Every structure is written in C-alpha cells, then in structure tokens.
> 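Submitted below is the structure of interest, expressed as structure tokens.
Computation of the quantities below employed the complete heavy-atom set of this structure, encompassing side-chain atoms and omitting hydrogens, waters and symmetry-equivalent molecules. Lettering follows sequence order; numbering is per chain, from 1. The model shown is predicted, which means the values in this text are computed figures rather than measured ones.
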Protein chains: 2
Amino acid sequence: MSVDGGGVPRPEGGPATTTRHAVTAEEVARRAGVSQSAVSRAFTPGASVAAKTREKVLAAARELGYRPNAMARTLITNRSRIIGVVMAYLDNLIYPDVLEKLAAGLQQRGYQMLLFTGFKDRHSDPVFEQIMQYRVDGLLLASTTLSSDLSDECAAAGVPVVMFNRMTEHPLCSSVTSDNRNGGRQIAEFLVAGGHRRLAYVAGVAISSTNRDREAGFREGLLRHGIGKIGHAEGNLELADTRAAARELFAADEPPDAVFAGSDHMALAVMEVARHEFGLRIPEDVSIVGYDDVGAAGWPSFSLTSFTLPVAPMVDAAVELMMEQIESSSILSHHRVVPGRLAVRGSARLPRRPVRDRDGTLIWAPGGTE
Amino acid sequence: MSVDGGGVPRPEGGPATTTRHAVTAEEVARRAGVSQSAVSRAFTPGASVAAKTREKVLAAARELGYRPNAMARTLITNRSRIIGVVMAYLDNLIYPDVLEKLAAGLQQRGYQMLLFTGFKDRHSDPVFEQIMQYRVDGLLLASTTLSSDLSDECAAAGVPVVMFNRMTEHPLCSSVTSDNRNGGRQIAEFLVAGGHRRLAYVAGVAISSTNRDREAGFREGLLRHGIGKIGHAEGNLELADTRAAARELFAADEPPDAVFAGSDHMALAVMEVARHEFGLRIPEDVSIVGYDDVGAAGWPSFSLTSFTLPVAPMVDAAVELMMEQIESSSILSHHRVVPGRLAVRGSARLPRRPVRDRDGTLIWAPGGTE
DNA sequence: GCTTTTTTTGCATGCGTATGCAATTTCTGG
DNA sequence: CCAGAAATTGCATACGCATGCAAAAAAAGC
C-alpha cells in the first residue's frame, strides 16, 4: 500500500450520491510527494516553503480539489476568522445596507460573518449561547441590546464587542454611532428657522441610546429658542405603533406644525398618515423630518428631509475597531462618533435665511449647495 | 501538580485584558471528578450518562463558564451545523424578510447561518472558495447565480445546494420558487379584464429564471386575448435602470396604458417616474402592477397591485428541503413551486366583472374578499 | 573543495471533542 | 445474597491542520 499510482480522482463516473469525504492535506501531500507540513505551509502566506515545492503542492491540491479545513485550522490557531453579527430585526431600511457593507469589509480582511437575526420577540440568550460555541473572534451588535452580564461573559471569554448604532455604558464594549445629539439639534435649528413653533417628536425604542440622544439633541436645540414643551408619542420603530402615534399627535387639540421622527422608517409612516388620513399637505400644513436618510427618503413621493446616517464610514469604523481589538487581544472600549449632515428636501418648510448651528457651522443656506 | 484544589476561577480581579483561554471539557471533567468523555456525554442529547453525573458536570460547567467548542465537534462529527447563505445584494425589499425568517428557521433546527453578501459587482468565485473552507453543511443561494462548475464542486464535496427564488437546470441543485409563470398570467388576465390593450413589461435581470417565467406567463396570458406585441424595457432590478426604462416606455409614440414590472422594487420606481416626471395619474392614465407584494406596496401612497411572493412558505420549503438533503446525505434535486395570489389594490384599474384564470379559478371579483 | 550560514523540509505533537470498546457499577429477579 | 442483565464510565484514539524543533539541503564565503 501507499504509493499514489492509482489515486487519480474520477471526475466522471459517480452518481448523484455523495461521498461526503473531503480531501485532506495528507492526501495532497502524498500526491505531491511531500509531507503534510509542506502542504500546510504552501497554504500559509509567509511560511517557509521553496517556490518549487509550493507549486507542486498547489498543483496536487488543484487536481484533488483540496481546500484547507477552516475548522481544523481554528482549533489550532484559536482564531476562527468569524465575526458574529447580531441584528434582532432587519426592518429598518438601513440594516440591509449595513449588512452588505459589513460583509464586504470583513470579507476583504479575510473574515466571515455568522449572522443572528429573526428573533425580534424572543430573548437573545439562547442565541448568545450558540454564538459562543462557534468561537467567534468578535461580536458586532446592531439593533439589539445585550444585557450587561452577557457583555461580561464576552469579556471573560476574550471576545471583543462592538456595538453599532447603539451605545452602552458598559466598560468593555466599544461602539460606533452617528452624531445623534448633533443631528437632533440641527433639525431643531432648521425647523425653528422655518418658523415652526408647535413641534413634536416621534420616539423610537425609548430605552435605546440612539433614540435618547436624538431626542435630547432636538429638545436642546429647541430650548435655545425658548421652546420647552413639545408633543411626544412613541412609534417604537414599528409601523403600527408609529401610525397610532401620528394619529394621536394630529388629532390633538393643538396639533404640531412640524414633526421630527426618530427614524426615516417612522417618518415615512407619519407622512402617510398625515396625507392620507388627515388630508394634510406637506410641508404647507405640516413639516416632517426624519433621521437616517434611507433610499426611499429621496423618492419624489416623499422627498423627506432627513439627517444622514453615514453608513459607509460607520461600517468602516466598526470593522477597523473590531480588527484593532482582535489583534491587540486586549479589550479596550473605544467610542467612535461619526458626523452626519442634514439632507434638505421638500418635506419641511425651507427657512428664508441660512441656518447655523450654535457653534456657527452652516446647516443650510437658501439656494445652497444642495 | 494536577489536583484542582486551587483551580477556582476569579470572577473579579482581572483587568480589562483578556486571557483568551477558553475552558475545555477536560477542565470541567477534573472539577466534576469525572472523565472528559462524561463531559462530552453530558452535553450530547441522548447519550449514555447517569442523571447524577450529568448534574455534576453541568454544575461544574456553569461554574467555569464552559461551552462546548463547535469547531472541535465539527472536526469529529463532520457536521458543522452551518448553512452558507449567499445573497449578492439585499436591495430587493424581500430579502431582509427572507433573511430573518431563514435565520429563525435554521436556528430552530440548531443550524447557524454564514452570510455572504455585498459583492454585487465582483465575481462570486473567491467567495465560494471561502464558503467551502468552512465546511458548510448546505448552501442556500438567493439573488445570485452559481456557475455550473461550482455546482459540480458542491456536489463533489457532498454539499447540498438549494436555490431560492431562482431555478436552474443543473441536475444537482434543488430550488424553491413562487409560481412566477402563473403570477404573470394572472396579471395579464387582470389587466386585460380591466380594459387595457397597450401593455408593457419592465424586465428584471434578463437571464434569471424568475424574470423569464414572469414575463413568459404574462405574454402567454396576453396572447390568449390576442395581444401579441407589448412594450418592453429592462430595469435590471436597479433603480437607475428602471427609471430609464420607464422614461423610455412613457415617452414612446404609443405609450402603454398598463405596465407590469417584474418586481415591486421596479414597479415603485416606475410609479414615481409616471407621476412625477410625466404627470400621469394612476390608475386613470396608466395602471401599474408589480410582483412580490413588499411592505411598501401596501402604503397608501402607492397602493400597488401586486402578485404576492409567499415568503414564509417559501422559506419553510427551503429549510425543509435543505434538512432533508443533509440528513439523507444524497443529493437529489427537488423543485418546489409555492403558489401566490394577486393582491389587488388601487394602482391598476379594476375590472367590472370577476376575473378568472384559464382553468376557471377566480383571480378577483368586484367587491370581493379583498 | 570545504566550512559556515541560510533556507527548506519532515517529524512529532497538540488543539478540543466524540465515540467504539472494554471495564466497572448498578439494577433486577430469584 | 448472588448471578445475570442493563446501565454507566473511562480509556484510547481519531478528526485535519499548524508549528517548534532538529535534520537535511542549498547557498554563500573563502
């Protein structure tokens, strides 16, 4: 036994039933007339192999259809090159975009993405248990909140956690967010400059930092102009809830003449209700502003003025942060805040004069560069 | 050395820098005073372990924060319990939904999802190489096509392939689709019954089976009523292309009075152009029908008549098919076609009388059950 | 040509778990 | 209380690969 004389594979011949036997480095080694180590080295960038040997190995590998077994590699290197991504739900229109860009970014660095989603209502703990079993090198959390003890467990296991579009006070989690507070404030400035005095806010998930900051910024901006009391309703990022919230606002004794919704998803729903249930004209009767600047915001039917969530730079930052932590193998929490800008369209009344933030930066100017 | 007297972990004490040392079954075994095999068995449902032993083991595991290493398990069992999911892009509004439901379905059966996406333009081969290294138990392909040789490779490696919302003639791939042909035909019937005679089709990706079948059904239905020539433009499932296609159609000498777009995504874009660029009223001047019945189709602004893509049953079928093939470990291609129905709304003129398909089934009736 | 340095190679081992097998314990029935 | 059956347990091994180390080969220097 042993010599590979007859070991040629038969590409044709087999029926449609599988052998379920993957080619191993050992087999490639035999065929190439080298040791298994040589095969391993041929597939390891920067390893000590003669060019000629590598050629032989790669040729043999090609003939046999060999692919290194990532699982076995993980076992030794203690690096799976898998990032766990948790997105409880994908309703928000930005998430598909985030997912695409994230996958591309990770892929480029040789990482794969294990996705956990679709458990909107259920608890996330069992999911978390699964994640940990697969020895992910890092965890990216978007559209979900992780209870504090879970973060501890991650830290204990040495798994870096990056929160996306969410912040947490937990000392062991990093985060990437847009400048929610600033966004809220700029929207306040813009609406006040447009002559609005009766304002309302439609909240997303109340406990999320994102919602909290957007609202805080909005109120802060309004307060600068002496507006302390505003309408408030909860949309919870849900279609049905948001519609109810809109009805509540518009049916009030003193309905708002401008509404800021904490996300475009909700802003669009508010618009629908305003137009089709209350017959309101936008922006003549009511101005509506959103946050995120999703694709649909730019459609003529909506032409929604919205603060841009800078998805691409945010994803870049998240990937970068993740890589840093994986490589340093020390968990240091960094919080990155990416700036956005107000995309002014037609759903909110345009001010007559340029609008500036409190620090003087230009938010918008008539006939300006957009 | 050896006895575990002092081997208790210190939950407090360490700084924020990680140990990167995961607890192993061996350590749990020592702590519980049993063998490593016992630990393994305690975590294997149906294995031969005394209840008392299992308790001891689980207790020790809890104290140490032990989690079985899925990678090591994969190495032995030759089953990763990971399904590779390939979605080149997530633009189509149904995909996030598919992803959520798919994740939930797989999770429920103890499978995880390795997602490959975000390579719209690039070639998928390198991606495929990655997938295979992770020894996925199955491959689900949506919004992408796999070249024939890749399918062969999968078959050779014993990896079942299920195509979602796509078909292929390849003998080793299964597929789940909606009844595209039937959908196209029913839309034809409906539009003709509504009095339309100048029709047009906006195509998705020309070579995809989905597009092919929808168009074929549409033409077939029209032909039954003597309509052989229709307008045609390519939207390629892209926003920009679709807008261009719509302009082309509406600017023609004999513009259509009814347009069927091969997906809602495109139908909405056509609507936008019709209304805001050509000032057309819908459905008075032109009827527009889509396919997929995405969420936005139901918004009052669009009220898009659309053929329903039955996402939930399709995902169920896909998961089921996948599990079957994994368990039987034989690759037999099955093709499952899931029926849908026409969701009639306001974007297309309503016929005066009930509409029936050629086989007599009711498509729609005035004042009917929807 | 021979020694020294550098590069390349193979050997052996271990990563963390599952599992067949034989040894041991517990249970059952008389 | 004991023999036999059944349940439980531990031992040893294998899964596929990476890597430290020493041996071998090649290259360089004189």
> Considering only heavy atoms and no angle criterion, is a donor-acceptor pair shorter than 3.5 Å present between the side chain of Arg41(B) and the base of dG10(D)?
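It does, because a donor-acceptor pair links the side chain of Arg41(B) to the base of dG10(D) below 3.5 Å.
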> Using a 4.0 Å heavy-atom cut-off, does Val39(A) contact any base of the nucleic acid, only the sugar-phosphate backbone, or nothing at all?
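The answer is nothing, as Val39(A) stays clear of every strand by at least 4.0 Å.
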> With nearest nucleotide decided by heavy atoms, which residue, Ala50(B) or Phe43(A), maps closer to the 5′ end of DNA chain D?
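Final value for this comparison: Ala50(B).
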> Between the base of dC17(D) and the side chain of Thr74(A), is there any donor-acceptor pair under 3.5 Å?
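Under the 3.5 Å cut-off, the side chain and the base do not form any donor-acceptor pair.
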> Between atom CD in Glu26(A) and atom P in dG10(C), what is the gap in whole Å?
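That distance rounds to 11 Å.
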> What nucleotide, of dT9(C), dT8(D), dG16(C), holds the atom closest to the side chain of Val49(A)?
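Between dT9(C), dT8(D), dG16(C), the one nearest the side chain of Val49(A) would be dT9(C).
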> I want to verify a distance call: between dG10(C), dG10(D), dC17(D), whose nearest atom is closest to the Asn69(A) side chain?
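Within the option list, the nearest is dC17(D).
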> Over how many whole Å does the gap from Tyr134(A) atom OH to dG16(C) atom P extend?
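Spelled out: OH on Tyr134(A) to P on dG16(C) is 18 Å.
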> Please state how far atom NZ in Lys52(B) lies from atom P in dA7(D), giving the value in whole angstrom units.
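Distance check: Lys52(B) NZ to dA7(D) P gives 17 Å.
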> Calculate the interatomic distance between Met71(A) atom CE and dA18(C) atom P; express it in whole Å.
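Whole-Å distance recorded here is 14 Å.
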> Starting from P on dT7(C), measure out to CZ on Arg54(A) and report it in whole angstrom.
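For the pair Arg54(A) CZ and dT7(C) P, the rounded distance is 15 Å.
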> For a quick test of reading the model, state the closest non-hydrogen atom pair linking Met163(B) to Cys173(B) and the distance between them.
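It is CG-CB, 4.2 Å.
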> Over all heavy atoms of both residues, which pair between Glu320(A) and Arg336(A) is shortest? Give the atoms and the distance, please.
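Closest approach of Glu320(A) to Arg336(A): OE2-NH2, 2.9 Å.
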> What's the closest nucleotide to the side chain of Ala72(A) if the choices are dT19(D), dC17(D), dG20(C)?
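Nearest to the side-chain atoms of Ala72(A), counting from C-beta on, is dC17(D).
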> Looking only at side-chain atoms of Thr77(A), point me to the closest of dT19(D), dG16(D), dG10(C).
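For the Thr77(A) side chain, the nearest candidate turns out to be dT19(D).
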> Across nucleotides 22-27 of chain D, 5' to 3', mark each nucleotide with B, S or - according to how protein heavy atoms within less than 4.0 Å reach it.
------
> Whole-Å distance between dT17(C) C1' and Arg135(A) CZ?
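It works out to 11 Å between those atoms.
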> Search all heavy atoms of Val39(A) against all heavy atoms of Ala25(A) and return the closest pair with its distance.
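Result for this residue pair: CG2-O, 3.7 Å.
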> Rounded to the Å, how far apart are Ile76(A) CD1 and dG20(D) P?
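Taking atom P of dG20(D) as the reference, CD1 of Ile76(A) is at 11 Å.
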> Answer with base, sugar-phosphate or nothing: what part of the nucleic acid does Ser48(B) contact at a heavy-atom distance below 4.0 Å?
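Base contact - Ser48(B) has a heavy atom under 4.0 Å of at least one base atom.
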> Which pair of non-hydrogen atoms, one from Tyr66(A) and one from Thr24(A), has the smallest distance, and what is that distance?
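The answer is CE1-C, 3.5 Å.
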> How far apart are the closest heavy atoms of Val159(A) and Leu139(A), and which atoms are they?
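That would be CG1-N, 4.1 Å.
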> Would you indicate which nucleotide in dG10(C), dG16(C), dG10(D) comes nearest to any side-chain atom of Thr24(B)?
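Given the options dG10(C), dG16(C), dG10(D), the side chain of Thr24(B) is closest to dG16(C).
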> In whole Å, I'd like the distance from the CD atom of Gln36(A) to the P atom of dT8(C).
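Atom CD in Gln36(A) sits about 19 Å away from atom P in dT8(C).
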> With the side chain of Leu75(B) defined as its heavy atoms from C-beta on, choose the nearest nucleotide among dT9(D), dC11(C), dG16(C).
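When the side chain of Leu75(B) is considered, dG16(C) is the closest of dT9(D), dC11(C), dG16(C).
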> Please name the pair of heavy atoms, one in Ser174(A) and one in His334(A), separated by the smallest distance, quoted to 0.1 Å.
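Ser174(A) and His334(A) have their closest heavy atoms at OG-N, 3.0 Å.
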> Quick one: do the Gln130(B) and Gln112(A) side chains pair a donor with an acceptor below 3.5 Å?
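Yes, because at least one side-chain N or O of Gln130(B) sits under 3.5 Å from a partner of the opposite role on Gln112(A).
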> Please determine whether any donor N or O and acceptor N or O are separated by less than 3.5 Å between the side chain of Arg73(B) and the base of dG16(D).
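Under the 3.5 Å cut-off, the side chain and the base do not form any donor-acceptor pair.
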> Is the backbone of Thr74(A) close enough, under 3.5 Å, to the side chain of Ser80(A) for a donor and an acceptor to pair up by distance?
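Looks like no, no N/O pair under 3.5 Å.
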